[in-house]
Number of protein chains: 2
Amino acid sequence: MIDKFIEILREHNLKKTPKRIAILQLLESQSTYISPLELWDILKQQFTRIGLPTVYRILQQFQEIGIVASIQKEDNQLYYFLCSTQQDHHHFICRKCHKVSCVEYCDFDTIKQLVENQLQSKAETHFLQIEGLCKECRDS
Amino acid sequence: MIDKFIEILREHNLKKTPKRIAILQLLESQSTYISPLELWDILKQQFTRIGLPTVYRILQQFQEIGIVASIQKEDNQLYYFLCSTQQDHHHFICRKCHKVSCVEYCDFDTIKQLVENQLQSKAETHFLQIEGLCKECRDS
DNA sequence: TGATAAACAAAAATCATTTTCATTTAGAAT
DNA sequence: ATTCTAAATGAAAATGATTTTTGTTTATCA
C-alpha cells in the first residue's frame with residue numbers, strides 16, 4: 001500500500017526518500033491525526049538527523065499531491081492524517097483517540113437550496129467536520 | 001442595540017470602556033469578519049494609545065460571553081464577527097465581501113444517524129461552514 | 001471624593017511555522 | 001559502476017500571530 005503512495009510521489013517528481021517513507025508508514029500505522037511536532041518526536045527515534053522543517057515540508061507536499069489532509073482544531077495548529085479519497089466527503093474525528101474516518105455523505109444540494117432561499121446567496125463550497133466517539137472508544 | 005451588549009458586559013463583570021464600545025460599534029457597522037490586526041488598524045485612527053494585545057483580549061472576552069464568534073480560515077488566523085445567536089446554527093461567509101450570515105439549519109440528526117450506521121460511532125458535535133457569494137456580491 | 005477591581009499600554013516573551021543557504025542524496029544518464 | 005543534476009535536507013535564523021508580564025490608569029460603586 002505504501003507502494004501506491006510512492007507511485008504518486010513519482011508522478012509528482014517527488015523522490016522516494018527514507019524520511020518520506022517513514023512518514024507514510026507512521027501515518028498509515030495509526031489512522032489518527034498528528035501534528036508536525038508529534039511526528040517529529042517519533043521520527044527522531046528513527047533518524048539521528050532530522051529537522052522539524054523537513055517534517056513540515058513533507059506534510060505540505062503530501063497535502064498538495066492529495067495523499068494527506070489536514071483538520072481544523074480550535075488551538076489553531078496544523079494536524080495531518082492520511083486521506084487520499086478524492087471524492088467529496090467529510091471527516092469524523094474521535095475526540096478520545098483522535099482517529100479520523102471518512103464519512104461518505106454530503107448533503108450539499110440541500111444546503112445550497114437553503115442558503116438560496118434564506119439568504120438569496122450562492123453557496124459554492126462548504127466544510128463539515130464531525131466529532132464524537134469512535135466505535136472502539138464509545139465501548140471502552 | 002449597543003446597549004444590549006453593554007448589559008451583557010455588566011452581567012459578566014466587564015466594564016463599559018471606550019475601547020470595548022468602539023469595537024462593538026465597528027463590528028456592528030459592518031457584518032463582516034475581521035482580524036484583530038485589521039481591527040487594530042481602524043481603532044488606531046480613533047485612539048492615540050491602543051495596544052494590539054488589548055484588541056486580542058477584548059475579542060476573546062467577547063467570544064467567551066457569547067457576543068462574537070470566530071471562523072476558521074485556511075490561513076490559520078483568528079477572525080471574529082458579531083454573533084449572539086445562542087441557538088444551534090451555522091454560518092455562511094461571502095468569499096468576496098467577507099460578510100457573515102447565520103444559516104438557520106442544522107441536520108445534525110441525519111448526520112448522527114449516518115455516522116452511527118457507517119462507522120458505528122457516536123457523533124457528538126459538528127462544525128459546518130458554508131462559503132459562496134452573498135446576495136449583493138453575486139449580482140455585481 | 002476615595003477605594004478597588006478591572007482595564008490598559010508597552011515591551012518582551014512565546015511558539016508554531018517558514019525561509020535561507022550550504023550540503024547531501026536519489027535517481028536518471030552515461 | 002560512476003557521474004550528473006535536480007531535488008531533499010539540516011541547521012540556524014527569520015517571521016508573524018498571539019500571549020504574558022508589569023506597572024500605570026480608569027470605570028464603577030460606596
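In what follows, every heavy atom counts, from backbone to side chain, and hydrogens, waters and symmetry copies are set aside. Just so we're on the same page: letters track the sequence lines, and every chain starts at 1.
Using a 4.5 Å cut-off on side-chain heavy atoms (C-beta onward), Glu124(B) and Arg95(A) make contact.
Counting all heavy atoms, side chain and backbone alike, Pro36(A) lies closest to Leu52(A) at O-CD1, 3.9 Å.
Residues satisfying the side chain to side chain contact (heavy atoms under 4.5 Å, CB included) criterion with Gln25(B), sequence neighbours excluded, are Ile2(B), Ile21(B). Under the side-chain hydrogen bond (donor to acceptor under 3.5 Å, both in side chains) criterion, Thr17(A) pairs with no residue at all, not counting sequence neighbours.
Counting side-chain heavy-atom gaps under 4.5 Å among Ile, Leu, Val, Met, Phe, Trp and Tyr, the cluster of Phe81(B) also holds Tyr33(B), Ile71(B), Tyr79(B), Ile93(B), Val100(B).
Salt bridge annotation for Glu116(B)-Lys122(B): absent, with no cationic side-chain nitrogen under 4.0 angstrom from a carboxylate oxygen. With respect to the salt-bridge test (charged N to carboxylate O, under 4.0 angstrom), the residues Lys96(A) and Glu136(A) do not qualify. Using a cut-off of 4.0 Å between Lys/Arg side-chain N and Asp/Glu carboxylate O, Lys112(A) and Asp109(A) are scored as not salt-bridged. Salt bridge Lys4(A)/Glu7(A): absent, no basic N to carboxylate O contact under 4.0 Å.
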**OP:** Determine, step by step, whether Arg20(B) and Leu9(B) satisfy the side-chain contact (heavy atoms from CB on, under 4.5 Å) criterion, reporting the C-alpha distance in whole Å, the side-chain angles of both residues, the deciding distance to 0.1 Å, and the verdict.
**Re:** CA-CA 9 Å; Arg20(B) 288 202 177 121; Leu9(B) 291 187; 4.1 Å; yes
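Straight-line distance from the NE2 atom of His12(A) to the C1' atom of dA8(D): 18 Å, rounded to whole Å. For the pair Lys19(A) NZ and dA7(D) C1', the interatomic distance rounds to 14 Å; values are reported in whole Å.
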Close N or O pairs between protein and nucleotides 14-18 of chain D (under 3.5 Å):
unit_1  : atom_1 : unit_2   : atom_2 : d
dT18(D) : OP1    : Leu78(B) : N      : 2.8
dT18(D) : OP2    : Tyr56(B) : OH     : 2.3
dT18(D) : O5'    : Tyr56(B) : OH     : 3.1

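Taking the 5' to 3' direction, DNA chain C first and last meets chain A under 4.0 angstrom from a heavy atom at dA16(C) to dG27(C).
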**OP:** Could you run through nucleotides 21-30 of chain D and give me one letter per nucleotide, 5' to 3': B if any protein heavy atom sits under 4.0 Å from the base, S if only the sugar-phosphate is that close, - if neither?
**Re:** ------BS--
